[in-house]
Protein chains: 2
Amino acid sequence: MATVHDHASAVSAPRAADDPRDRILLAAGQAFAEHGYEAATVRDICLEAGVNVAAVNYYFGDKRRLYIESVKHAHEARVKQVPLPEWPAGKPAAERLHDFVANMLERMLGLGQPPWQVRLMMREVLHPTDACRELVEDYIRPHFALLVSILDELCAGHLSQPELRRVALSIIGQCFLYRAAGDVVGMLVPQAEIDSLHTPGRLADHVTAYALAALGVSPALRQGGNT
Amino acid sequence: MATVHDHASAVSAPRAADDPRDRILLAAGQAFAEHGYEAATVRDICLEAGVNVAAVNYYFGDKRRLYIESVKHAHEARVKQVPLPEWPAGKPAAERLHDFVANMLERMLGLGQPPWQVRLMMREVLHPTDACRELVEDYIRPHFALLVSILDELCAGHLSQPELRRVALSIIGQCFLYRAAGDVVGMLVPQAEIDSLHTPGRLADHVTAYALAALGVSPALRQGGNT
DNA sequence: AGTTGATTGAAACGACCGTTTGAATCGCTC
DNA sequence: GAGCGATTCAAACGGTCGTTTCAATCAACT
């Protein structure tokens, strides 16, 4: 028996807003993000989406392909929601660095967007599957390259490419910690401090100041900087 | 029917080296670290351990308690293998920071030790379960407090406790990234650079230099520091 | 109205899961 | 060697999983 999913994704016909396929992708993304691939069940997904269990097989073939499609779907949605920042020519590199870090933290921690999309992508980063390489090439690598270029300009050629990459990873690692290990961070830091200081904006200030101080662009932290 | 596990852990009788209970804990730790709680099956664990499927129920009650015990077991093994560093009085704070970072990276990335123990603990950090809080209190919080105290001494009181905590999290975040997202890092950085520079020792040099420069203890990176 | 192909529905399939059973086996004391 | 608790074993249980089946339904065109 021929199913529609063979060509439906190819021709990409305009689908209605409440397309069953989209409802399944939405429910699947949330379920996979929350429980992981194994623990999420297609029955729960279909119940949440309001479709029959046979629909996932009809539209996607099997669970594995549904998972890959939901990862790509969430990934594309995030790219649209929070695009790479762009600056007018002549904007100082230090300000672009701050904007970039704020952008990354907003995308990771931002409260305005559904959190399950980032959670789903985090799962791929932490335990890569087939969907990961595409995620890196389309999404992570351009961000990484942009960060390296900002740092390169900031240092005016004083650092080699490997050094720049390590500094870039240092910056990403700090943002990464708050997203991936946020629960543990919450156990180590007083709640009041979390509420007041661990916001995307405040954290961007800290990470940027930390980097600028390390690179010698601005005074060291202990000699009096931002709060 | 009474089972032995009710009091076996209480009296903690000296067990033989090839105790079935230990073999199960070893196989379970590896399986849970590799596949996660849901995807790991007790049948595979028992096959790997060379015991009957009923043994896990006999010794641990059920799968969930086996999981918690295996997490604690791996945790205790790691603590014994890589204890907190101790220094003679008067050792400079900068050197202690480097030792601390090297210690943490060695524990996270160290090739000399079985990697599944850290992977298992990483799963708890990233997606906490019942075993997590105990892990934090016994294992992570003391390390965190030590790091903060080193940074405090390094800054000679110029930074507040919240600031010190954020710097500490920045340092931990950098180490955390290489462990948790090592696969993605490997896609972003040339393999030769991974092999030569992303060793625990080299990374400790970088993270420490980055922190010391940011705090103004040593010159900024771009003005010429370590490689 | 009738035909056709796309979609939905309830039910079932086979497989595997965690767990339990009850008998067989072992190690030990008397 | 008989007795007995501790341990191991093969087998099965009930349940849930992903997937499939096939008839019912719908939408569009002749």
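Note that the coordinates shown come from a computational prediction; the quantities given were computed from them, not determined experimentally. Chain letters run A, B, ... following the sequence lines, proteins first, then strands; residues in each count from 1.
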Is the distance between the ring centroids of Tyr67(A) and Phe60(A) less than 6.0 Å?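 No: the rings miss the under 6.0 Å criterion.
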
Value in whole Å for how far the [atom2] atom of [N] lies from [atom1] of [X]:
| X | N | atom1 | atom2 | value |
| --- | --- | --- | --- | --- |
| Asn57(A) | dC13(C) | CG | P | 18 Å |
| Arg21(A) | dA6(C) | CZ | P | 16 Å |
| His35(B) | dC16(C) | NE2 | C1' | 16 Å |
| Tyr67(A) | dG18(D) | OH | P | 15 Å |
| Lys63(A) | dC16(C) | NZ | C1' | 13 Å |
| Asp22(B) | dT7(D) | CG | P | 13 Å |

Arg64(B) atom CZ, over 12 foreign heavy atoms within 6.0 Å: no

Could you tell me whether Val56(A) contacts a base, only the sugar-phosphate backbone, or nothing, with contacts defined as non-hydrogen atoms closer than 4.0 Å?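 Nothing: the residue Val56(A), judged by heavy atoms under 4.0 Å, touches no strand.
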
Under 4.0 Å, counting only non-hydrogen atoms across every strand here, what does Ala55(B) touch: a base, just sugar-phosphate, or nothing?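 The residue Ala55(B) makes no contact with any strand.
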
Verify whether one side chain among His73(A) and Arg78(A) offers a donor that lies under 3.5 Å from an acceptor in the other. no

Does Tyr58(A) have a side-chain nitrogen or oxygen under 4.0 Å from the phosphate oxygens OP1 or OP2 of dT19(D)?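 Answer is no, no contact under 4.0 Å.
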
Think Asn52(B) has a side-chain N or O under 4.0 angstrom from the OP1 or OP2 of dA10(D)? yes

To the side chain of Asp62(B), which of dT7(D), dG18(D), dT19(C) is closest?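 Within the option list, the nearest is dT19(C).
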
Please work out which residues in residues 36-46 of chain B have a non-hydrogen atom less than 4.0 Å from an atom of DNA chain C and list them by number. Ala40(B), Thr41(B), Val42(B), Arg43(B)

Not counting sequence neighbours, which residues clear side-chain contact (heavy atoms from CB on, under 4.5 Å) with Leu47(A)? List them please.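 Testing Leu47(A) for side-chain contact (heavy atoms from CB on, under 4.5 Å), a comparison that skips the adjacent residues, returns none.
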
Pairs touching residues 38-63 of chain A that satisfy salt bridge (charged side-chain N to carboxylate O under 4.0 Å, His left out), sequence neighbours left out: Asp62(A)-Arg65(A)

Looking only at atom types and distance, does a side-chain atom of Arg123(B) sit under 3.5 Å from a main-chain N or O of Ala33(B), one as donor and one as acceptor? yes

Looking at Phe32(B), I'd like to know if the NZ or CZ of Arg119(B) sits under 6.0 Å from its six-membered ring centre while staying within 45 degrees of the ring's axis. no

